[in-house]
Structures are given as structure tokens and as C-alpha cells.
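Below: the structure, in C-alpha cells.
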Amino acid sequence: MKDKIGVLIFSFLSLAFASQAQETVLLSKAEALSRVQEENTSIKISEEEYNSAKADFRQTNAVFLPNITASHTGISTTNPLMAFGSKLNQEILTASDFDPALLNDPSKTQNFATKIEVQQPLINADGIYQRKAAKTKMEAMSLQIQRTSDYLALEVDKAYMQLQLAYKAVDVLDKALEAANANKTLAENSFKQGYLQRADVLNVEVRVSEVQAQLQNAKSNVQNASNYLSFLMNDETYVVYKPSEDLVVETLDFQNSGISENRSDIKAMELASEAYKDMSKADKMTFLPRLNAFGSYELYDDKIFRADASGYVVGAQLSWDIFQGSKRFGKAQKSKAEYEKSKLEYNQYVSQSKLELNKAKRMLQDAENKLNLTKLALDQSEESLRIRTNRFKEGLEKTSDLLMAETQFSQKQLEYYQTIFEYNYAQAYLEFLTKE
């Protein structure tokens, strides 16, 4: 009895998972884009990189703000110097404490000190340039978030069109399979009446099997496109999506025809180069002296958390590291080389972007020409199939010729929709490259 119950539960869960796996959800491009902008992991990673750069910038506030520390220290000592100094700080020295015997061999002395210390930077030229570099890096990371968002918008566009194309292929092959089955029925009837040979019927059956295999592959492409959209949207349910919009020829209105230096990724690289420039200046400024102010307020007693005596120290320090074994020279040379490298990388990136733009323009022109040709070829193959189908029904056309016309029509339909995808994507990619 338990075994039967277990089998029933397993069967029920299997049906539940199967129904969930086959769930189809209607999805618009705008909804997909919105969900990607909100949930995509790459965007979240970019945001955390920006937060990290922002935190680095906040650390540079130490160039202007004071460093304040507080401490409470307790000691017990018989060290002559420490014992005398502790009594002096506690303001409890008496004439008897100057007895040489007590000075040389003091009794155990306790000292509890509370100290509040402030260090205030005044002039730190290297820190100022480091702060400037950190701020520039933060701005560059902000622009990288924008470019990541733009790139993912392009990926959503592409993935959504792939989903549309996959459904178009399923529709075409569904109709092709329906036509192939109809021809199979017609061929079998003609064979029974002696009008066709068995080889003709087998050819039709082979055609049916081919279309069935293509249809199964098209359905797999639907699932693949759906899964990629789920990945972009950071949705681990992996349902099968169905586009609410049809795959049609789109015409985008381009605002720019060239690469703009204000494009977010190019601007980010320019800012990164500026950051390297500031870091190079900061390393040069380490050769200059630093001026810092300091102060402390101290409380002393021989009892814990009491303060019968107090004192303060206020001062300023001008420090200058004259030579550090050529360490600073090497560091300055390295930062200068990194700055020069960043300038070369920026110029190379701009040049590569212009090269990619020219390639994208040619790709769009080729796709437009191909779109016109495939549309003409589709119309011709459709008319040819119509004529051959009518002649086949009247016994005036060979089975092989009909199958060839049917295959060609399906291929031309798939080619036409594939070309629409290529044309629309070429426009979207060109818009991505020319976006500011």
C-alpha cells in the first residue's frame, strides 16, 4: 500500500514539474527590457564596482578631515624612569620622592592614563591628487554602469528577435508539415489507384520526416531563446516565453552617424586616463614636504577611571622624506608609464570603435539588399509551389518536382525571416554604436 502511495506521489510531482516546464508566458520587449534593467546581474555587478570606487573616494576625505583617537591605559611598574614620570604626570611628587634611594629603587607605582589625540593634515599635496584621481575613477565607473545598461538593452533586443524568429520558424514548419502530410495522403491514394510508384510515396514520407526534424529543432530554438531571456532577466524559473510582438521590418531613426566622444564607454576610458594622470602627479608630489598639526589632551591618576591630573600637547610637524632608496623614483616612473599606456589604450579604443562603426554600416546595407532579394525570391517560390501543387493534383506534375518546390518555399520563408532579423539587428547595433 505504501509503495502504491509513493508511486502516486511521484507521478503527481512529475506531472507538476512537467506542466511547470511547459508553461508559456506572453512577453513584450518593453517588459523584458524593464526586468533586465532591474534584475540583471551584470548591472548589479557594475553598481557594486561603482560603490567600491565611491568608497575609495570617501577614504580620501582623510586629506582634509582630522584623525581622532581615544585610549585608556593602565600600568603597574617599578621601573625608575616610568615610576618617576607617572608620579610627575599625576602631579603627586613630593620632596621625599627625590631621595636617591627611592629614585633608584622605587616601590610599585600604578598609573592610569586617558588620552584624546587629534591629528589634522594641513598640506599634503600627494593626497590632494590622489583624491582627485579617486573622484575621476568614481565618475568613470558611473559611466560604465550606463554603458553596461546600453549593451544589455541591445542584448535584450537581439534575444527577443531571436525568440520571434524561432516562433516564425515553428509557424513555417508547422504549415510545411501540414502540407507534407496532405501530400503524403494524396500520394498514398494515388499509389493505391496505381498512378504512383512506391518510390514516390517513400520520397514524400522522407520529406515528412525531414520537416518533423526541422520543426523539433525550431521548437528547441524557442526554448533556447526563452532560456537566454530568463538568464538576462535573472529569472531561474526558465519558462517558455512567447513574444507579444510580431517579427516585422523595423526602421530606426538614427540621431548620429558617427562615433561620439561623449559615448559613455569612451568617456569612461578618457576619465580613466585622467585618473592615471592624477596618480602620476600624486607620486611626484611625494617628493615635497608634508605639514600636519597635532594635539592631545591627557588625564592621569593612580586609580582607574579617575582624573586628578591633566595636561595637553599642541604642535605642528613639517616632515620631508628626502630619500627612500630610489623607491619613490621607481613608483613615479611606473605611474607615468601607466598614464602613457592609458592614453594609447584610449586612442586605440576610439579607432577600433570607428572601425566597428564602418563595419556595422556595411552590414546594414548588405542586410537591406538581402532583404529585398529574399522577399522577391519568396514571392517567386510561393507562386511556383502554387502552380506545381495544382498540376500535381491533376496528375500533371512529378512528385519529386512538387517536393522540391515545397522545400524551396519553406527555405525561402525561413531565409526571409532570418534576413528580417539580420536587418533589424544591424539597425539596433548601429544605434548602439552611435549612441551618446
Side-chain angles (χ1 to χ4, degrees), residues 40-73 114-149 264-298 312-343 345-346 349:
N40 184 265
T41 305
S42 296
I43 293 179
K44 292 181 179 179
I45 291 174
S46 297
E47 291 174 347
E48 292 305 321
E49 289 175 344
Y50 168 77
N51 291 335
S52 176
K54 185 177 180 180
D56 287 339
F57 174 66
R58 291 189 65 182
Q59 290 183 51
T60 62
N61 289 338
V63 176
F64 307 109
L65 300 180
N67 182 24
I68 303 174
T69 58
S71 63
H72 185 78
T73 306
T114 301
K115 184 177 182 180
I116 300 174
E117 188 173 9
V118 179
Q119 294 178 335
Q120 175 64 56
L122 297 179
I123 301 177
N124 291 307
D126 58 329
I128 293 175
Y129 278 102
Q130 288 173 355
R131 175 178 172 82
K132 187 177 179 182
K135 182 178 181 181
T136 305
K137 179 184 176 182
M138 181 182 69
E139 293 172 352
M141 295 308 303
S142 176
L143 292 172
Q144 284 292 1
I145 295 177
Q146 180 181 339
R147 194 56 179 173
T148 300
S149 178
S264 55
D265 57 331
I266 295 177
K267 190 67 177 176
M269 289 203 68
E270 182 182 4
L271 290 176
S273 181
E274 286 294 321
Y276 279 113
K277 181 180 178 180
D278 291 331
M279 286 303 299
S280 178
K281 290 182 178 180
D283 289 336
K284 291 178 181 179
M285 293 299 165
T286 58
F287 290 92
L288 299 178
R290 297 180 178 183
L291 179 61
N292 299 304
F294 61 89
S296 65
Y297 184 71
E298 302 166 2
Y312 69 87
V313 176
V314 176
Q317 181 186 44
L318 181 67
S319 61
W320 193 358
D321 292 332
I322 298 175
F323 186 68
Q324 292 184 346
S326 78
K327 176 182 177 181
R328 287 181 299 175
F329 291 100
K331 190 175 181 181
Q333 289 176 348
K334 179 181 178 181
S335 60
K336 182 180 179 181
E338 289 177 341
Y339 169 54
E340 295 296 332
K341 176 186 173 184
S342 68
K343 290 196 298 183
E345 288 176 340
Y346 171 76
Y349 190 77

Considering all heavy atoms, the nearest Ser342-Ser273 contact: OG-OG, 3.1 Å
Can you check whether Gln317 reaches Phe294 side chain to side chain, under 4.5 Å on heavy atoms? yes
Aromatic centroids of Tyr346 and Tyr276 separated by under 6.0 Å: no
Asp283 (side chain) donor-acceptor with Ser280 (main chain) under 3.5 angstrom: no
List the atom of Phe287, the atom of Trp320, and the distance in Å for their closest heavy-atom pair. O-NE1, 2.7 Å
What one should report as the nearest heavy-atom pair of Ala275 and Thr136 is N-CG2, 3.9 Å
Just wondering, more than 12 heavy atoms not from Lys44 lying within 6.0 Å of its NZ? yes
Is there a side-chain contact between Gln144 and Glu49 in this structure, where contact means two heavy atoms from C-beta onward sitting under 4.5 Å apart? no
Just wondering, do Glu47 and Ile145 contact through their side chains at under 4.5 Å, heavy atoms? yes
Crowded around Tyr129 OH? As in, over 12 foreign heavy atoms under 6.0 Å? no
Is there side-chain contact between Glu345 and Met269, with at least one heavy-atom pair below 4.5 Å? yes
Quick check on Arg328: does its CZ atom have over 12 non-hydrogen neighbours (other residues, nucleotides or ligands) under 6.0 Å away? yes
Glu270/Lys267 ion pair, N-O < 4.0 Å: yes
For Pro121 and Asn292 the tightest heavy-atom approach is CA-OD1, 3.2 Å
side-chain contact (heavy atoms from CB on, under 4.5 Å) partners for Thr148, two or more places apart: Ser42, Ile43, Ser46, Leu152
I'd like to know if the side chain of Ser52 and the backbone of Glu48 have a donor-acceptor N/O pair within less than 3.5 Å. no
With sequence neighbours excluded, tell me which residues meet salt bridge (Lys or Arg N to Asp or Glu O under 4.0 Å) with Arg131. none
Compute whether any side-chain donor of one residue and acceptor of the other, for Asp278 and Tyr339, lie under 3.5 angstrom apart. no
May I ask you to decide whether Glu340 forms a salt bridge with Lys343, counting only side-chain N to carboxylate O separations under 4.0 Å? yes
How about CZ on Phe329, more than 12 heavy atoms from neighbouring residues, nucleotides or ligands closer than 6.0 Å, or not? no
Does Lys284 form a salt bridge (charged side-chain N to carboxylate O under 4.0 Å, His left out) with Asp126? I'd like the steps, not just the answer. CA-CA 8 Å; Lys284 291 178 181 179; Asp126 58 329; over 6 Å; no
Quick one: does any side-chain atom of Glu117 pair with a main-chain N or O of Asn67 as donor and acceptor, under 3.5 Å? no
Test item: Asp265 and Tyr349 side chains (from C-beta on) under 4.5 Å apart, heavy atoms: yes
Taking only residues two or more places apart in sequence or in another chain, which ones pass side-chain contact (heavy atoms from CB on, under 4.5 Å) with Lys54? Tyr50, Met138
